[in-house]
Amino acid sequence: RWIQAMTAGVEAWIDAPGLRDDVQLCNARGSHRHSMSENILGALFHLTKPYAAVALDQKQSKWQRRQSKLLAGQTLGILGLGAIGQELARKAAALEMRVIGTKRSPEPVEGVEEVYGGDETDEVLRQSDYVVVLMPATSETVNFFNTQRLKAMKPTAWLLNFARGDLIVDEDLIAAVKAKTIAGAVLDVFRQEPLPDTHPFWTTENIAVLPHIGGGHAGRGAVVAEIFAENARCELAGEPFVTGVDRVRGY
């Protein structure tokens, strides 16, 4: 009567033909809000700080002065202000970034200057210097980032996808980066994983490929166990599950 998934995304469960309508599905929402937000900040630092280049310089015993770009004062657009997005917003605001974003039901969020509805995504894209994709995988979000939406971004802006690979049309992103419609992208998720070694993402300048490292951390199993235990308590007490999934919404 109840299934507890080990992951936040449950699209595979929802699409499973054997899942009865009367079975309550729960996800592990929030189990990697710290690791994801920290890894996204790491990606932002990677884009703006010269540490990767300095590490290569050291291999050649080369003293090369380099400059950083500031994150303070830049606008971070978060598409999907759920548990991870809200954690990222708080941390980014502490770095003095201006944070805006989208939420299915717009309401005030700590650290976020302006919360927009999903139908106002283009306004977030228009203002943002860095756009972080954290939306769930649903029928509404598949192929969400296409040529049209990429054109809504600043030509100096970066796209960071830490959600699901199929939210982006691969060919449209590659074309946009090559044409300098946007500055580039950091991708941690892909339609096929591992990413095939022949995929052009590997060799497209200004597209950084990460091997799906965003959510994993050494203590995640214990966090998921705590979520399971709390949901079990709710089941025994006849209370709503803390991470119950709305199958219509898909999360």
Side-chain angles (χ1 to χ4, degrees), residues 1-40 78-90 101-112 115-121 132-145 161-168 188-193 212-251:
R1 63 176 184 250
W2 162 44
I3 293 176
Q4 173 70 58
M6 300 287 286
T7 57
V10 289
E11 58 271 18
W13 279 104
I14 291 175
D15 293 338
L19 185 64
R20 302 191 316 272
D21 292 341
D22 62 320
V23 175
Q24 174 65 54
L25 178 63
C26 292
N27 64 10
R29 184 169 57 246
S31 61
H32 40 44
R33 64 187 177 92
H34 290 301
S35 58
M36 283 281 279
S37 58
E38 289 182 11
N39 274 309
I40 292 167
I78 303 174
L79 303 186
L81 285 164
I84 296 169
Q86 291 179 34
E87 185 70 30
L88 173 62
R90 286 192 290 271
T102 61
K103 200 172 188 295
R104 188 183 184 102
S105 301
E107 58 188 7
V109 173
E110 180 185 348
V112 182
V115 180
Y116 297 88
D119 58 348
E120 300 175 287
T121 296
V132 178
V133 185
L134 291 173
M135 298 180 297
T138 68
S139 58
E140 297 175 353
T141 60
V142 171
N143 297 325
F144 188 86
F145 265 94
N161 186 14
F162 280 75
R164 289 291 184 272
D166 59 8
L167 271 59
I168 292 176
D188 188 51
V189 287
F190 306 92
R191 290 174 181 268
Q192 180 181 344
E193 296 185 5
H212 204 146
I213 60 173
H217 62 94
R220 186 172 177 274
V223 177
V224 174
E226 290 176 1
I227 293 172
F228 170 79
E230 180 60 18
N231 278 327
R233 187 198 64 76
C234 292
E235 166 71 1
L236 293 171
E239 299 174 1
F241 290 104
V242 292
T243 62
V245 171
D246 183 327
R247 293 201 207 175
V248 176
R249 289 187 175 185
Y251 56 92

Exercise. Should Phe190 and Gln192 be marked as a side chain to side chain contact (heavy atoms under 4.5 Å, CB included) after you check the CA-CA gap, both sets of side-chain angles, and the distance that decides it?
Worked result: CA-CA 5 Å; Phe190 306 92; Gln192 180 181 344; 5.9 Å; no

Problem set entry | Criterion side chain to side chain contact (heavy atoms under 4.5 Å, CB included) on Val189 and Val133, from CA distance to verdict | CA-CA 11 Å; Val189 287; Val133 185; over 6 Å; no

Exercise. Given the rule in the side chain to side chain contact (heavy atoms under 4.5 Å, CB included) test, do Ile78 and Val112 qualify, once you have shown the distances and angles that lead to the verdict?
Worked result: CA-CA 9 Å; Ile78 303 174; Val112 182; 5.7 Å; no

For this session: Go through Asn39 and Asp188 one step at a time and tell me if the side chain to side chain contact (heavy atoms under 4.5 Å, CB included) criterion holds.
Result: CA-CA 10 Å; Asn39 274 309; Asp188 188 51; over 6 Å; no

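Closest of all the heavy-atom pairs between Asp166 and Ala137 is OD1-CB, 4.4 Å. Nearest heavy-atom pair, Trp2 versus Val23, reported as atom, atom and distance to 0.1 Å: N-CG1, 4.1 Å. Closest of all the heavy-atom pairs between Thr102 and Leu79 is OG1-CA, 3.3 Å. When all heavy atoms are compared, the tightest approach of Cys26 to Gly244 is SG-CA, 4.1 Å. In this structure, Val109 and Gln86 approach most closely via the heavy-atom pair CG1-CG, 3.6 Å. Summarising the geometry of Gly30 relative to Ala83, their closest heavy-atom pair is CA-CB, 4.2 Å, with the distance given to 0.1 Å.
Put simply, OG on Ser31 and CZ on Phe228 are 14.5 Å apart, with the number rounded to the nearest 0.5 Å. To the nearest 0.5 Å, the span separating CG on Leu25 from CZ on Arg20 amounts to 12.5 Å. The OG1 atom of Thr138 lies 9.5 Å from the CZ atom of Phe144; values are rounded to the nearest 0.5 Å. Taking CD of Glu140 as the start and CG of Leu167 as the end, the distance is 11.5 Å to the nearest 0.5 Å. Taken from OH in Tyr116 to CG in Leu81, the straight-line distance is 12.0 Å, to the nearest 0.5 Å. Taking CD1 of Ile84 as the start and CE of Met36 as the end, the distance is 4.0 Å to the nearest 0.5 Å.
No side-chain heavy atom of His34 sits less than 4.5 Å from a side-chain heavy atom of Val223. The closest side-chain heavy-atom distance from Val115 to Glu107 is not below 4.5 Å. A heavy-atom distance below 4.5 Å is found between the side chains of Asn231 and Val242. The side-chain heavy atoms of Glu38 and His217, taken from C-beta on, include no pair separated by under 4.5 Å.
Listed by first then second residue, pairs satisfying side chain to side chain donor-acceptor pair (under 3.5 Å) with a partner in residues 8-19 read Glu11-Arg164, not counting sequence neighbours.
Applying the salt bridge (charged side-chain N to carboxylate O under 4.0 Å, His left out) rule to Arg220 yields no partners; only residues at least two apart in sequence or on another chain are considered. Residues satisfying the side chain to side chain contact (heavy atoms under 4.5 Å, CB included) test with Ser37, not counting sequence neighbours, are Glu87, Leu88, Lys91. Take Ala237 and apply the side chain to side chain contact (heavy atoms under 4.5 Å, CB included) test, not counting sequence neighbours, and it matches Arg233, Glu239. Annotation: salt bridge (charged side-chain N to carboxylate O under 4.0 Å, His left out) contacts of Glu235 (sequence neighbours excluded): Arg1. Asp246 meets the salt bridge (charged side-chain N to carboxylate O under 4.0 Å, His left out) test with no other residue; sequence neighbours excluded.
Using modelled atom types, one side-chain atom of Arg191 and one backbone atom of Ile168 make a donor-acceptor pair closer than 3.5 Å. In this structure, Glu120 contributes its side chain and Gly117 its backbone to a donor-acceptor pair below 3.5 Å. With hydrogens and angles disregarded, a donor-acceptor distance shorter than 3.5 Å links the side chain of Gln4 to the backbone of Asn27.
Annotation for Asp21: atom CG does not count as buried by contact number, only 12 or fewer foreign heavy atoms lying within 6.0 Å.
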